[in-house]
Amino acid sequence: YPHSSLNGAYVLIKDNSEIVKHLKLGRMVDMVHYSKRDDDPASKFRSQISDISKIDQGPLKGHIKIGLSIEA
């Protein structure tokens with residue numbers, strides 16, 4: 001699920017997810033963002049993985065934060 005931040009967007013993934021094995025800094029990925037509003041269409045965008053950070057504390061412990069740099 002993508003989230004916005006001051007530095008771009010990021011997604012959270014469980015650290016035991018199969019997809020974690022395929023994540024690499026600099027890799028380009030195609031993303032689809034679905035709006036919470038039913039009348040907004042989904043938008044597609046190309047992004048580069050700019051950060052991979054394991055979360056070891058707090059309520060999101062056991063997740064990996066994937067930072068995305070979205071191409072304009």
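The residues of the chain are indexed from 1 along the displayed sequence.
- For the side chain to side chain contact (heavy atoms under 4.5 Å, CB included) with Lys65, the lone residue among Leu60, Ile55, Ile52 that qualifies is Ile55.
- Taking both residues in full, the closest heavy atoms of Met31 and Leu68 are given as CE-CD1, 3.9 Å, listed atom of the first, atom of the second, then distance.
- Residues Asp15 and Val20 form no side-chain contact, since every pair of their non-hydrogen atoms from C-beta on lies 4.5 Å or further apart.
- Under the 3.5 Å distance criterion, the side-chain polar atoms of Ser69 are left unmatched by any main-chain donor or acceptor of Gln48.
- Residue pairs satisfying the salt bridge (Lys or Arg N to Asp or Glu O under 4.0 Å) criterion with at least one member in residues 19-29, sequence neighbours excluded, are listed as follows: Glu18-Lys21.
- Shown here is Ile19, whose CD1 atom has no more than 12 heavy atoms of other residues, nucleotides or ligands within 6.0 Å.
- Annotation: side chain of Asp56 is in contact with side chain of Lys54 (closest heavy-atom distance under 4.5 Å).
- Residues Ile49 and Ile66 come closest through the heavy atom pair CG2-CG2, 3.9 Å.
- Atoms CG and OG, on Leu12 and Ser53 in that order, are 10.5 Å from each other to the nearest 0.5 Å.
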